[in-house]
Amino acid sequence: MIKASAGGGGKGMRIAWDDEETRDGFRFSSQEAASSFGDDRLLIEKFIDNPRHIEIQVLGDKHGNALWLNERECSVQRRNQKVVEEAPSIFLDPETRQAMGEQAVALAKAVKYSSAGTVEFLVDSQKNFYFLEMNTRLQVEHPVTECITGLDLVQEMILVAKGYPLRHKQEDIPISGWAVECRVYAEDPYKSFGLPSIGRLSQYQEPIHLPGVRVDSGIQPGSDISIYYDPMISKLVTYGSDRAEALKRMEDALDNYVIRGKTAHLIRNKTPMEGITETKFGGGADVDVTDMTYDSFLTGHTLTLSERNQLLAIASSVFVASQLRAQRFQEHSRVPVIRPDVAKWELSVKLHDEDHTVVASNNGPAFTVEVDGSKLNVTSTWNLASPLLSVNVDGTQRTVQCLSREAGGNMSIQFLGTVYKVHILTKLAAELNKFMLEKVPKDTSSTLCSPMPGVVVAVSVKPGDMVAEGQEICVIEAMKMQNSMTAGKMGKVKLVHCKAGDTVGEGDLLVELE
């Protein structure tokens, strides 16, 4: 493991399995370390395969007292950066928890530490634990510890700094309930699972109206997300009497979180949330726990037959509600695709390349929708201007977000934590659509374009060079992370459109192959 000695947050960290990866890892890690911390020094340590990242919160005073405030499980990571944290850990037993806590306190006392701090460990499958580092500060994930202990860590730090002794004994520190924190990132998960997504937020609405939810953020609508700063938008914390309640509240909070304008990291996937905590959410030279491909994680929620029918009924109701609203538009300057006197709407709905026959009728805000022969009752206020839509389907309450609606029938709906692409047409329009020519996708295999805004750090090729598939072409730095851009196929370099130091935008042409 090659790591930035002054670093943290996954920056300047690479795994090296052979000599070539050692050379590449040294280059990338030292450059990232210099960019992020102003210090390019590195350290090398043994890489522990299949670990869990579990840390102990400690609190010490200036009178020789120190406490451990239980643990946080931080194993769900990508690119060595924490994504999901929870307290307590479902993996630790009381004996291991106490042993880790006692060693963390012994370390704090040995260095006469007086404040809140975190002692981080890697824990293997046999519950053997290895010291990783100590963070002598308050960490992003500290709210989950506050939730289960009832302590205000910031207040305790201030009292310690003033010289007061600790107000609590070790036996006073409880584990009460369960807390989960999700970090929300301005990243595009469909680009190598999390390349920076940079730009302006057009809508931003936090789910603070829900019970047991806390959001820490400095973001406001209209905020610009720059290539030079950390991509984390906020930390979303939920608390419950047990793990199941905390996770359910997290799911509801993510469904009610509105972030528009750029792609945010709000994919909900049950695998890590059910205890199979994974940190391999980004391949290559990452500190990873288990093998997991991008595609298997990005599939999102797998719909049951009942949930699929609910989604189709909701999408069809939104479609018809939008047409009814268009009929009422002043002076009828908008022409709806459905006649005003229609009692039933026969629709053709495509989801996952499967066509479904849907018949919808309404009585005020209540819709009766027949999906492939199954009838569902759908009610809502149908305020299509709101970013959140609360819908009742046969007594089941759902919160959905209609992210986009196009005149051609394409609709993007966030449902159960996953964005689904739905194509809705009237029966007549669907029949006529069969005669439309399909647009042939452009061949981009001979061009390399920038997947995000950033700064070109290095260019590794010149016109006339032969490159192999997967060979590095250039390196782009965004949000202090260096990203290697590689060739999509073997060929000869025709033109190079960038040089080191250039600022590039998303989609800018970098290199052409013959």
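Counting from 1, the numbers follow the sequence of the chain as shown.
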Treating [X] as the side-chain partner and [Y] as the backbone partner, does any N or O pair qualify as donor plus acceptor under 3.5 Å?
| X | Y | answer |
| --- | --- | --- |
| N135 | R137 | no |
| S412 | L403 | no |
| E71 | S89 | yes |
| D61 | H63 | yes |
| Q401 | N256 | no |
| T418 | H301 | yes |
| D40 | A33 | no |
| K62 | A161 | yes |
| T238 | A246 | yes |

Please determine whether a side-chain nitrogen of the Lys or Arg among [X] and [Y] lies less than 4.0 Å from a carboxylate oxygen of the Asp or Glu.
| X | Y | value |
| --- | --- | --- |
| K127 | E95 | no |
| R14 | E32 | yes |
| R214 | E146 | yes |
| E73 | R243 | no |
| K248 | D252 | yes |

Which heavy atom in [X] sits nearest to a heavy atom in [Y], and how many Å separate them?
| X | Y | result |
| --- | --- | --- |
| I473 | A487 | CG1-N, 3.7 Å |
| V475 | R27 | CG2-NH1, 4.2 Å |
| C182 | V84 | SG-CG2, 4.0 Å |
| R249 | G212 | NH1-CA, 3.7 Å |
| A179 | C147 | CB-CB, 3.6 Å |
| A16 | I2 | CB-CD1, 4.2 Å |

Once rounded to the nearest 0.5 Å, what's the spacing between atom [atom1] of [X] and atom [atom2] of [Y]?
| X | Y | atom1 | atom2 | result |
| --- | --- | --- | --- | --- |
| T118 | R72 | OG1 | CZ | 4.5 Å |
| N128 | L122 | CG | CG | 12.0 Å |
| L210 | L236 | CG | CG | 9.5 Å |
| H53 | K82 | NE2 | NZ | 4.0 Å |
| E506 | S450 | CD | OG | 7.5 Å |
| E307 | R398 | CD | CZ | 5.5 Å |

So for atom [atom1], which belongs to [X], do other residues, nucleotides or ligands contribute more than 12 heavy atoms lying within a distance under 6.0 Å?
| X | atom1 | result |
| --- | --- | --- |
| K421 | NZ | no |
| E20 | CD | no |
| M466 | CE | yes |

Could you walk me through whether L151 and I173 satisfy the side chain to side chain contact (heavy atoms under 4.5 Å, CB included) test, starting with their C-alpha distance in whole Å, then the side-chain angles of each, then the deciding distance to 0.1 Å, before giving a yes or no?
CA-CA 9 Å; L151 271 65; I173 307 302; 4.3 Å; yes
Go through the steps to decide whether K235 and H142 satisfy the test side chain to side chain contact (heavy atoms under 4.5 Å, CB included), and finish with yes or no.
CA-CA 11 Å; K235 51 184 181 182; H142 77 274; 3.8 Å; yes
How about [X] and [Y]: do any of their side-chain heavy atoms sit closer than 4.5 Å?
| X | Y | answer |
| --- | --- | --- |
| M485 | V511 | no |
| Y130 | P51 | no |
| I54 | F129 | no |
| M100 | W68 | no |
| P387 | Y204 | no |
| T96 | F91 | no |
| Q310 | L416 | no |
| P207 | V215 | yes |

Chi angles and distances behind the side-chain hydrogen bond (donor to acceptor under 3.5 Å, both in side chains) call for W178, E86
CA-CA 7 Å; W178 212 286; E86 63 178 313; 2.8 Å; yes
Could you walk me through whether E472 and S460 pass the side-chain hydrogen bond (donor to acceptor under 3.5 Å, both in side chains) check?
CA-CA 7 Å; E472 182 182 291; S460 307; 3.1 Å; yes
Given F415, which partner from the list T399, V391, D255, L303 fulfils the side chain to side chain contact (heavy atoms under 4.5 Å, CB included) test?
L303
Check step by step if side chain to side chain contact (heavy atoms under 4.5 Å, CB included) holds for V459 and C498.
CA-CA 8 Å; V459 179; C498 63; 4.0 Å; yes
Check: E477/S35 side-chain N/O donor and acceptor closer than 3.5 Å:
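Checked: E477/S35 side chains pair up, N/O donor to acceptor below 3.5 Å.
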What's the verdict on side chain to side chain contact (heavy atoms under 4.5 Å, CB included) for D242 and E245, showing C-alpha distance, side-chain angles and the deciding distance?
CA-CA 6 Å; D242 54 25; E245 185 176 43; 3.4 Å; yes
